[in-house]
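Here the structure is laid out as structure tokens; the discussion comes afterwards.
To find a chain, count down the sequence lines: A is the first, B the second, and so on, and within it residues start at 1.
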2 protein chains.
Amino acid sequence: MPTRPGARDRLVEATITLLRERGVHGTGVAEVLERSGTARGSLYQHFPGGKADLVAEATRSAGRRAARHVARTSDGTAGSLLDALVDWWVATLTKHDFGRGCPVAAAALDETGATTDAAGRVFTGWTDELAGLLGQDRDPEEARRLAGFVVSAVEGALLQCRALRSTVPLEDARVVLRGLVSPS
Amino acid sequence: MPTRPGARDRLVEATITLLRERGVHGTGVAEVLERSGTARGSLYQHFPGGKADLVAEATRSAGRRAARHVARTSDGTAGSLLDALVDWWVATLTKHDFGRGCPVAAAALDETGATTDAAGRVFTGWTDELAGLLGQDRDPEEARRLAGFVVSAVEGALLQCRALRSTVPLEDARVVLRGLVSPS
DNA sequence: CCCACTATAGACCGATCGGTCTATAGTGGG
DNA sequence: CCCACTATAGACCGATCGGTCTATAGTGGG
């Protein structure tokens, strides 16, 4: 049995899940503490800025984890990265009955400067990484544009999937985007 | 001077604006009343279901208005509709310093059934309307898929624009989507 | 004329919000 | 050995949450 993660990690973990379910405003400190089994004092010890601090860190952490997961799952081509991404989201949406979305999208819609800032940096990081892959077959400007577009399309499809309670928008995105990222 | 709109219309109007700024959870009944200059009792007279009722109606109303606006601004081709859409959002984001997004996206991320339901219906309505235009040059299945994809891409671009405080994602979407919707 | 409807102002409700603080323990390094 | 750090439980704070209710007016149709 692995040792129990520290209070800080448990807080971040619970916050990511709650962001995905309810967004920033809907995430209460009390529920974060309850779900993570953590004392109130520990939160303000690790995150002196309180909730805003915690949410920003959760956003960054989720962004890093997603990039790592997708890179590990795909074979390094843009097409397989796209499949890894769509497959993961389809599985997650189905598993949690469309109740969990993207924590970075949730952070992007907050009005706190630090939170949207963190979300913006994650989006930029994803775009840069994908642009590197796409740049093998295209000039850099077009690669960057297409990479940012893929991020937009997947985030938007995710939004629609949750509202429609259907994975069709993501599958539609897979088909159209595959036509765009595959070398012509 | 036009007569002051009724309490119901003022409530819906203020709610749409607040949804765009703060999302469903971030929208407080007290602030809706303050901004609309409406009495507390009037809210529960017109919307017996309270906040959930009001938010669902605001979502539907905003969806109808957006469809009307875009239809009025464009010349009826998919390409000009796309331009009307992107132009309007770029202007709005700039005007309000990236502080106002899409109220339907905000509703889509709520966990209340009636709210996400309303958002889903709006998305479906937009998709159907656009699919009609795109179907002139394509078979119906491809037109529907592309229409839903356009909605995803624009909503996702909007999300990124707010996080990055930049209109670049929307301009990227315009370029890529134009290539997809223009008859080949 | 009156009655149903809409509207307004504002008191009030219990619940929850994020944050601060005290008291008490365990623990690991200098 | 002790001291700084991390952790826990829980009381407590003022502010805000969504919702209910009463009292008072205006208004338009039967």
Side-chain angles (χ1 to χ4, degrees), chain A residues 2-19 21-59 61 103 106-107 109-116 118, chain B residues 1-19 21-59 103 106-107 109-116 118:
Chain A
T3 32
R4 193 187 188 214
R8 190 180 192 280
D9 289 341
R10 300 201 311 273
L11 285 166
V12 170
E13 192 58 34
T15 303
I16 291 174
T17 302
L18 276 163
L19 286 182
E21 290 177 1
R22 311 200 209 287
V24 177
H25 260 109
T27 295
V29 165
E31 196 166 4
V32 170
L33 297 175
E34 192 186 332
R35 288 210 196 180
S36 61
T38 307
R40 212 170 181 77
S42 298
L43 195 162
Y44 294 93
Q45 192 145 41
H46 291 289
F47 303 96
K51 182 185 173 182
D53 222 356
L54 174 61
V55 166
E57 178 52 31
T59 302
S61 175
L109 290 181
D110 194 53
E111 70 261 26
T112 312
T115 307
T116 58
Chain B
M1 216 163 108
T3 32
R4 193 188 186 210
R8 190 179 193 280
D9 289 341
R10 300 200 312 273
L11 285 166
V12 170
E13 192 58 36
T15 303
I16 291 175
T17 302
L18 276 163
L19 286 181
E21 290 177 2
R22 312 201 208 286
V24 177
H25 260 109
T27 295
V29 164
E31 196 166 4
V32 170
L33 298 175
E34 193 186 332
R35 287 210 196 180
S36 61
T38 305
R40 212 171 181 76
S42 298
L43 195 163
Y44 293 92
Q45 192 145 40
H46 291 288
F47 303 96
K51 183 185 173 183
D53 221 356
L54 174 61
V55 167
E57 177 53 31
T59 302
L109 291 181
D110 194 54
E111 71 261 27
T112 312
T115 307
T116 58

- prompt: In whole angstroms, how far is the P atom of C/dG19 from the CZ atom of A/Phe47?
  reply: 13 Å
field: Spacing of A/Gln45 atom CD relative to D/dA4 atom C1', expressed in whole Å
entry: 11 Å
- line: Ranking A/Gly41 and A/Glu31 by the position along DNA chain C of their nearest nucleotide, the one closer to 5' is A/Glu31
Nearest-Å distance for atom pair NE2/C1', residues B/His46 and C/dT8: 12 Å
statement: Given the options A/Ile16, A/Thr59, A/Val55, A/Leu18, A/Pro103 meets side-chain contact (heavy atoms from CB on, under 4.5 Å) only with A/Ile16
message: Would you say that B/Glu111 contacts A/Arg22 through its side chain, given a criterion of any heavy-atom pair below 4.5 Å between the two side chains?
response: yes
message: Any side-chain N or O of B/Arg10 below 4.0 angstrom from OP1/OP2 of C/dT8?
response: yes
message: Could you tell me how far apart A/Glu34 (CD) and C/dG18 (P) are, to the nearest whole angstrom?
response: 13 Å
- prompt: So what's the dot-bracket for DNA chain D: Watson-Crick or G-U pairs under 3.5 Å, [ ] if a pair crosses, | if it pairs off-strand?
  reply: ||||||||||||||||||||||||||||||
message: Let's go through B/His46 and B/Val12 carefully: what are the C-alpha distance in whole Å and the side-chain angles of both, what is the deciding distance for side-chain contact (heavy atoms from CB on, under 4.5 Å) to 0.1 Å, and is it a yes or a no?
response: CA-CA 10 Å; B/His46 291 288; B/Val12 170; over 6 Å; no
task: Specify the separation, in whole Å, of atom CG of A/Leu43 and atom P of C/dC21.
output: 15 Å
- prompt: Reckon B/Arg40 has a side-chain N or O less than 4.0 Å from the OP1 or OP2 of D/dT22?
  reply: no
statement: Picking from D/dA9, C/dG18, C/dA9, the nucleotide nearest the side-chain atoms of A/Ala39 would be D/dA9
query: Between D/dT6 and A/Ser42, is there an OP1 or OP2 to side-chain N/O distance shorter than 4.0 Å?
result: no
task: Taking side chain to side chain contact (heavy atoms under 4.5 Å, CB included) as the test, write out the residues that go with A/Leu11, two or more places apart.
output: A/Val32, A/Leu33, A/Ser36, A/Thr38, A/Leu43, A/Phe47, A/Leu54
- prompt: Is there a donor-acceptor pair under 3.5 Å between the side chain of B/Lys51 and the backbone N or O of B/Val24?
  reply: yes
field: Value in whole Å for how far the C1' atom of C/dG18 lies from NE2 of B/His25
entry: 15 Å
query: Whole Å only: how far is the CG atom of A/Leu33 from the C1' atom of C/dC17?
result: 12 Å
- request: Let me know the distance between OH of B/Tyr44 and C1' of C/dC13, rounded to the nearest Å.
  value: 12 Å
query: Would you call B/Arg35 and B/Glu21 a salt bridge, taking side-chain N to carboxylate O under 4.0 Å as the test?
result: yes
query: Counting side-chain heavy atoms from C-beta on, which of D/dA7, D/dG19, C/dG19 comes nearest to A/Ala7?
result: D/dA7
field: Shortest non-hydrogen contact between A/Ala118 and A/Ala56, atoms and distance
entry: CB-O, 4.0 Å
